[in-house]
Number of protein chains: 2
Amino acid sequence: MKSRKEHSTNSINEKYWKEHCGITQILSLIGGRWKINILVYLLNEKKLRYNELKKRLVGVSERMLIAKLKELESDGLINRIVYQEVPPKVEYELTERGKSLEDILNRMEKWGEANLPVK
Amino acid sequence: MKSRKEHSTNSINEKYWKEHCGITQILSLIGGRWKINILVYLLNEKKLRYNELKKRLVGVSERMLIAKLKELESDGLINRIVYQEVPPKVEYELTERGKSLEDILNRMEKWGEANLPVK
DNA sequence: TTTCATACTCACTTTTTTGTTAGTACCATA
DNA sequence: TATGGTACTAACAAAAAAGTGAGTATGAAA
């Protein structure tokens, strides 16, 4: 994965706001193209294998999916469960912290649906 | 403002998910570094002038602030109120649609605060 | 006549995110 | 011995987001 430039204004701003503001913090955990949808699928289906996620996330590339799963895992929102089998089998599920987002995700989804035809 | 490439995979994916999923839609309205904080300040302080917003959004550049205000305005989340004075005076406030995000923003803020010391 | 304050605009560069393509390891089965 | 399925990895390229620094219009006040 690319490393961020520690001393760019961009990352200084990001750091400042994450530290001073919870809402920026949560955005950084669930923001971007794919993460929030991964969370929603896991919320609805409890456990999903890597390939099952991939099928649902229409258009996602291997690289992005893996990268986002790793971020979610290291942020403590999902668990990665490895089965010692061949061919490999890996499942993903929400952690308790991940599940605690349920209410917010549901409300966001609802608001989004209600406001779909924007512009 | 830079124009997006209509036919990049990136924007095809973005379009697909916006159209198929409310939660992606809402993320595109409030995501990024600055927009959600603009909304929160306007939620708390009702009306703010351009310069007042600028002071609160520590680190923001003129370009980003204007760009994000324009996006929020064209997405129907804020109103821009121009006073015919010199020097110019412009105020920003939430629209009804913008205000309807209050509950979600508050919950996000709360979750974020509760989960600040991540990792 | 110069300075000042406000709310911008513009051309450009850097940084970050996202996507592409071609791999790998493992063993089971054909 | 070759093929297949799963869950990845890694080098590279394109696109998008964010930031920089200088400039504009207006009329009032010094």
Side-chain angles (χ1 to χ4, degrees), chain A residues 1-18 24 27-38 47-55 57-71 73 78 80-92, chain B residues 1-18 24 27-38 47-55 57-71 73 78 80-92:
Chain A
M1 248 172 294
K2 299 270 190 43
S3 58
R4 300 183 54 119
K5 313 252 158 139
E6 285 296 310
H7 300 299
S8 65
T9 305
N10 192 330
S11 72
I12 289 167
N13 280 341
E14 185 180 21
K15 188 159 178 282
Y16 174 90
W17 283 95
K18 268 198 203 171
T24 300
L27 255 193
S28 83
L29 298 188
I30 68 177
R33 169 97 69 257
W34 304 108
K35 291 205 278 189
I36 208 168
N37 285 301
I38 295 173
K47 263 185 196 170
L48 286 170
R49 297 182 64 170
Y50 175 80
N51 262 353
E52 294 172 326
L53 276 168
K54 195 168 166 234
K55 270 177 220 146
L57 295 168
V58 175
V60 75
S61 66
E62 311 260 350
R63 177 172 132 41
M64 290 310 295
L65 181 49
I66 291 287
K68 295 309 159 179
L69 287 169
K70 276 190 183 165
E71 286 176 32
E73 194 192 356
I78 66 173
R80 179 169 178 270
I81 308 158
V82 182
Y83 296 85
Q84 288 304 338
E85 298 175 10
V86 171
K89 174 174 174 184
V90 178
E91 289 186 330
Y92 294 91
Chain B
M1 245 172 294
K2 299 275 192 39
S3 58
R4 298 183 54 117
K5 313 251 159 139
E6 286 295 312
H7 299 299
S8 65
T9 304
N10 192 330
S11 71
I12 289 167
N13 280 340
E14 184 181 22
K15 188 158 176 282
Y16 175 89
W17 283 96
K18 268 197 202 171
T24 300
L27 255 193
S28 82
L29 298 188
I30 67 178
R33 169 97 70 258
W34 304 108
K35 290 204 278 190
I36 208 167
N37 285 302
I38 295 173
K47 263 184 198 173
L48 287 171
R49 297 182 63 171
Y50 174 81
N51 261 353
E52 295 171 326
L53 275 168
K54 196 169 166 234
K55 271 178 218 142
L57 295 168
V58 175
V60 76
S61 66
E62 311 260 351
R63 176 172 132 45
M64 289 311 293
L65 181 49
I66 292 287
K68 295 309 159 179
L69 287 170
K70 277 192 180 163
E71 286 177 31
E73 195 194 356
I78 66 174
R80 178 169 177 271
I81 307 158
V82 182
Y83 297 83
Q84 289 303 340
E85 297 175 10
V86 171
K89 175 175 174 185
V90 178
E91 287 186 331
Y92 294 90

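In what follows, chains carry the letters A, B, and so on, assigned in the order in which the sequence lines appear, proteins first and then strands, with residues in each chain numbered from 1.
One finds no side-chain N or O of B:S8 lying less than 4.0 angstrom from the OP1 or OP2 phosphate oxygen of C:dT18. At least one side-chain nitrogen or oxygen of B:K68 sits closer than 4.0 Å to the OP1 or OP2 atom of D:dA18. At D:dA17, none of the side-chain N or O atoms of A:N10 fall inside 4.0 Å of OP1 or OP2 (strictly under the cut-off).
Axis orientation changes by 30° from one end of the helix from C:dT1-D:dA30 to C:dA30-D:dT1 to the other, with each end axis drawn from 5 pairs and the value rounded to 10°.
The distance between atom CH2 of B:W17 and atom P of C:dG19, rounded to the nearest whole Å, is 12 Å. Atom-to-atom, CD of A:E85 to P of D:dG4 comes out at 21 Å; the value is rounded to the nearest Å. Between the P atom of C:dA5 and the NZ atom of B:K54 lies a distance of 13 Å, rounded to the nearest Å. Rounded to a whole Å, the CZ atom of B:R4 is 13 Å from the C1' atom of C:dG19. The distance from atom CG of B:L57 to atom C1' of C:dC8 is 16 Å, rounded to the nearest whole Å. Atom P of nucleotide D:dA10 and atom CD1 of A:I66 are separated by 11 Å, given to the nearest angstrom. Rounded to a whole Å, the CH2 atom of B:W34 is 12 Å from the C1' atom of D:dA17. Rounded to an integer number of Å, the gap from B:L65 CG to C:dC10 C1' is 16 Å.
A salt bridge links A:R4 with A:E14; the closest basic N to acidic carboxylate O contact falls under 4.0 Å. Between A:E71 and A:K68 there is a salt bridge, since a side-chain N of the basic residue sits under 4.0 Å from a carboxylate O of the acidic one.
Here the nucleotide nearest the side chain of B:T9, chosen from D:dA18, C:dT20, D:dA16, is C:dT20. With C:dA7, D:dC8, D:dT6 as the choices, the nucleotide that has an atom nearest any side-chain atom of A:R49 turns out to be D:dT6.
Comparing A:K5 and B:N13 along DNA chain C, the residue whose closest nucleotide (by nearest heavy atom) sits nearer the 5' end is A:K5. Both A:Y50 and A:E14 lie near DNA chain D, and the one whose nearest nucleotide falls closer to the 5' end is A:Y50.
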Kindly give the atom pairs (protein nitrogen or oxygen, nucleotide nitrogen or oxygen) under 3.5 Å for nucleotides 21-26 of chain C.
none

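Using modelled atom types, no side-chain atom of A:W34 and backbone atom of A:L69 make a donor-acceptor pair closer than 3.5 Å.
With sequence neighbours left out, A:K15 forms a salt bridge (charged side-chain N to carboxylate O under 4.0 Å, His left out) with A:E19. Every residue meeting the side-chain hydrogen bond (donor to acceptor under 3.5 Å, both in side chains) condition with A:S8, not counting sequence neighbours, appears here in chain and number order: A:S11. Partners of B:E62 according to the salt bridge (charged side-chain N to carboxylate O under 4.0 Å, His left out) rule, which considers only residues two or more places apart in sequence or in another chain, are B:K54. For A:S61, the side-chain hydrogen bond (donor to acceptor under 3.5 Å, both in side chains) test picks out no residue, with sequence neighbours left out.
B:N13 CG to B:K18 NZ: the interatomic distance, rounded to the nearest 0.5 Å, is 12.5 Å.
At a threshold of 4.0 angstrom between heavy atoms, the contacts of A:G59 with the nucleic acid are absent. Counting any heavy atom pair closer than 4.0 Å across all strands shown, B:K35 reaches no nucleic acid atom. Among the protein residues, A:Y83 comes within range of no part of the nucleic acid, since none of its heavy atoms lies under 4.0 Å from any strand.
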| Given the rule in the side chain to side chain donor-acceptor pair (under 3.5 Å) test, do B:Y83 and B:E91 qualify, once you have shown the distances and angles that lead to the verdict? | CA-CA 8 Å; B:Y83 297 83; B:E91 287 186 331; 2.8 Å; yes
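Across all non-hydrogen atoms, the minimal contact from B:V82 to B:R80 is CG2-NH1, 3.5 Å.
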